[in-house]
2 protein chains.
Amino acid sequence: MTRSSPASMAEIAAAIGVPARAAILTALFGGGTMMAKELAAEAGVAAPTASLHLARLVDAGLLAVDRRGRIARFRLASPAVAQLLEAMLAVATERAPPSWRGDPALRLARTCYDHLAGQLGVALTETLQASGNLVLGADGGEVTASGAAFLAGFGIDSNQVASGRRRFCRACMDWSERRPHLAGGLGAALAERCFARGWLTRRPDGRAVTVTPVGAEGFAATFGVSVAALRAA
Amino acid sequence: MTRSSPASMAEIAAAIGVPARAAILTALFGGGTMMAKELAAEAGVAAPTASLHLARLVDAGLLAVDRRGRIARFRLASPAVAQLLEAMLAVATERAPPSWRGDPALRLARTCYDHLAGQLGVALTETLQASGNLVLGADGGEVTASGAAFLAGFGIDSNQVASGRRRFCRACMDWSERRPHLAGGLGAALAERCFARGWLTRRPDGRAVTVTPVGAEGFAATFGVSVAALRAA
DNA sequence: CGATCGGTTCGCTCGCAACGGAAGCGATCG
DNA sequence: CGATCGCTTCCGTTGCGAGCGAACCGATCG
């Protein structure tokens, strides 16, 4: 029966369709994991209420939970969920008042689940393509021979990333820039390296990330991306 | 304020998160337009109830309405909404019981907003790429010189499609096949030609489409796609 | 110009679920 | 072993909204 689709769609949407739960998902959209108590604060509700919300989100298949002793850490259940949230933001911005595209800091650089988004994410992706290091196809994408060498120099072993269970390379539409950025295992690896090198730091209060001074230098030297120019644009 | 995102996300999700409204959206996901009365029947509710639901969906920016005299025709507000629904279906199938990927007819061929999806949509897309007629990139895609000639023979003027306001060519992830299919203006044009030639016919009861005998012949002769083989797979 | 038809507004009922307070439970630590 | 902490379960309250029937409104048609 075709009729099963609307039912499960409504179930999923209803699980999101409450300010408290939407706030929880938004907080986790940055890609991290959080304890129930933190999420309760994030959603602005009491602990018992948050507990119910979290149970429902897990039940709906939107969150995964990692219970260790008395503490429970929550995260998005899958990349597909992150894509869903991304799509909702796209619709939200589309219908938003004339020209309000979100917090400038959020537009500049943010995490999208586990990879980079915003102007920085898009710029890095386009630079990699323009330099012939990366070819993004609709069915994924490939790293060229020169690209593998380039990434190796950056600390990423393309073969190892590609051997993972996860989709190697994927284009993810950026809701604020309306252009695609790099996602998938490779996108995650790239983001991870940027954090590990201290080029980027996560902010405790959202998914926007801060580009450090050394990061600004690094992005310019390694990728030819000027963060200052992005900020001015 | 970052805080505006969760609020609008919840608003949008809440607009979908009721069986009746999800059914309405699903019915329109096929890409057509429908009258309020038809949608009421589709959702299984009385006319007044449907009227409220429709008003709310329009208000949430998910539906657009075309009022002409006493009749009101509804359609999805934008391609972004179609992408959102696609993403919800992706999450729904992910969490679905072991291996239930929807109605076989729906998997074989269906419309996704205004282009083709399902095994047929994916197969056509992959054939076009393999034959060097189409190069799908992350930031859209291009029709090669030979591709333009090929499409012209099929009745599609690539230049005219490309000159439209709409994104020419885009990859849309197929929720049942988990592989991308062709979307955007070109995808819509391709689907339109298939219907115009009588290769495909819409079913009144859903978004699944029927491949006619002449269509099966045409897909094999023109694209080298065997519908019978797809059906068997 | 009266009948019909599509759609909306009104008034009402009913049920679900969001929420906080208090208590319970298991894990951890001093 | 007792105190604390993180989380959950169990209450009761409260309010929102989904639903229908009936009446209403405007467009269209005979």
Side-chain angles (χ1 to χ4, degrees), chain A residues 3 6-28 32-75 77 204, chain B residues 3 6-28 32-75 77 204:
Chain A
R3 290 289 162 268
S8 51
M9 248 185 52
E11 211 175 322
I12 292 172
I16 309 177
V18 155
R21 289 196 292 261
I24 289 173
L25 290 169
T26 301
L28 292 172
T33 73
M34 293 179 107
M35 296 191 306
K37 198 165 195 175
E38 301 178 82
L39 290 169
E42 198 74 30
V45 296
T49 306
S51 184
L52 288 177
H53 285 317
L54 290 168
R56 177 156 182 184
L57 287 169
V58 170
D59 193 59
L62 296 174
L63 291 188
V65 58
D66 182 18
R67 297 184 186 281
R68 225 170 264 179
R70 67 179 170 185
I71 73 173
R73 297 205 138 262
F74 295 85
R75 59 185 161 78
Chain B
R3 290 288 161 268
S8 51
M9 248 185 52
E11 210 175 323
I12 292 173
I16 309 177
V18 154
R21 289 195 292 260
I24 288 173
L25 289 170
T26 302
L28 292 173
T33 74
M34 293 179 107
M35 295 190 307
K37 197 164 195 177
E38 300 178 82
L39 290 169
E42 198 73 30
V45 296
T49 305
S51 183
L52 287 178
H53 285 318
L54 290 167
R56 176 154 182 185
L57 287 170
V58 170
D59 193 58
L62 296 173
L63 292 188
V65 58
D66 182 18
R67 297 185 185 281
R68 227 171 264 178
R70 68 178 170 185
I71 73 172
R73 297 207 137 260
F74 294 85
R75 60 184 160 80

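All chains are named by letter (A, B, ...) in the order of the sequence lines, taking the proteins before the strands, and each is independently numbered beginning at 1.
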Presence of His53(A) side-chain N/O under 4.0 Å of dC19(C) phosphate oxygens OP1/OP2: yes
side-chain N/O Thr49(A) vs dG20(C) OP1/OP2, d < 4.0 Å: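 Yes, within the criterion.
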Qualifying salt bridge (charged side-chain N to carboxylate O under 4.0 Å, His left out) pairs with a residue from residues 10-20 of chain A, counting only residues at least two apart or across chains: Glu11(A)-Arg95(B)
Listed partners of [X] passing side-chain hydrogen bond (donor to acceptor under 3.5 Å, both in side chains), at least two apart:
{"X": "Arg56(B)", "value": "none"}
{"X": "Thr49(A)", "value": "none"}
{"X": "Arg68(A)", "value": "Asp66(A)"}

Using atom [atom1] of [X] as one end and atom [atom2] of [N] as the other, report the distance to the nearest whole Å.
{"X": "Arg67(A)", "N": "dC7(D)", "atom1": "CZ", "atom2": "C1'", "answer": "8 Å"}
{"X": "Lys37(A)", "N": "dC5(D)", "atom1": "NZ", "atom2": "P", "answer": "8 Å"}
{"X": "Glu11(A)", "N": "dA17(C)", "atom1": "CD", "atom2": "C1'", "answer": "15 Å"}
{"X": "Asp66(B)", "N": "dG6(C)", "atom1": "CG", "atom2": "P", "answer": "17 Å"}
{"X": "Phe74(A)", "N": "dG6(D)", "atom1": "CZ", "atom2": "P", "answer": "14 Å"}
{"X": "Met34(B)", "N": "dG7(C)", "atom1": "CE", "atom2": "P", "answer": "12 Å"}
{"X": "Arg73(B)", "N": "dG7(C)", "atom1": "CZ", "atom2": "C1'", "answer": "14 Å"}
{"X": "Leu52(B)", "N": "dC10(C)", "atom1": "CG", "atom2": "C1'", "answer": "10 Å"}

Footprint string (nucleotides 24-30 of chain D, 5' to 3'): B base within contact, S backbone only, - free, heavy atoms under 4.0 Å: --BBS--
Show me the protein contacts with nucleotides 13-16 of chain C, counting only N or O atoms at under 3.5 Å.
none

Residues from residues 54-64 of chain A lying under 4.0 Å of DNA chain C - heavy atoms: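 Arg56(A) - these, ordered by number, are the residues of the stretch whose heavy atoms sit under 4.0 Å from the strand.
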Contacts of type side chain to side chain contact (heavy atoms under 4.5 Å, CB included), residue Val65(B), not counting sequence neighbours: Val58(B), Arg67(B), Ala72(B), Phe74(B)
Side chain to side chain contact (heavy atoms under 4.5 Å, CB included) involving Ala23(A) - partner list, sequence neighbours excluded: Ala43(A), Pro6(B)
Nearest atoms (heavy-atom pairs only) where Ala47(A) meets Ala40(A): CA-CB, 4.3 Å
Glu42(B) to Ala27(B) - nearest heavy-atom pair and separation: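 Result for this residue pair: CG-CB, 3.4 Å.
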List, one per line, each side-chain donor-acceptor pair under 3.5 Å for residues 14-21 of chain B, sequence neighbours excluded.
{"residue": "Arg21(B)", "atom": "NE", "partner": "Ala15(B)", "partner atom": "O", "Å": "2.6"}
{"residue": "Arg21(B)", "atom": "NH1", "partner": "His53(B)", "partner atom": "ND1", "Å": "3.0"}
{"residue": "Arg21(B)", "atom": "NH2", "partner": "Ala14(B)", "partner atom": "O", "Å": "3.1"}

Roughly how far, to the nearest 0.5 Å, is [atom2] of [Y] from [atom1] of [X]?
{"X": "Leu57(B)", "Y": "Leu52(B)", "atom1": "CG", "atom2": "CG", "result": "11.0 Å"}
{"X": "Arg73(A)", "Y": "Leu39(A)", "atom1": "CZ", "atom2": "CG", "result": "9.0 Å"}
{"X": "Ile24(A)", "Y": "Leu54(A)", "atom1": "CD1", "atom2": "CG", "result": "4.5 Å"}

Nearest-neighbour nucleotide for the Pro48(A) side chain, dG7(C), dT8(D), dC20(D) considered: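 Ranking dG7(C), dT8(D), dC20(D) by closest atom to the Pro48(A) side chain puts dT8(D) first.
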Residue Ile71(B), side-chain heavy atoms: nucleotide from dT8(D), dG6(C), dG19(D) that is nearest: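 Selected nucleotide (nearest to the side chain): dG6(C).
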Residue met sooner reading DNA chain C from 5', once Ser51(B) and Ala47(A) are mapped to nucleotides: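 Upstream on the strand: Ser51(B).
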Stem regions touching DNA chain D, defined by at least 3 consecutive Watson-Crick or wobble G-U pairs below 3.5 angstrom: C:1-30 with D:1-30
Sub-4.0 Å heavy-atom contacts from residues 12-21 of chain B onto DNA chain D, ordered by number: Val18(B), Ala20(B), Arg21(B)
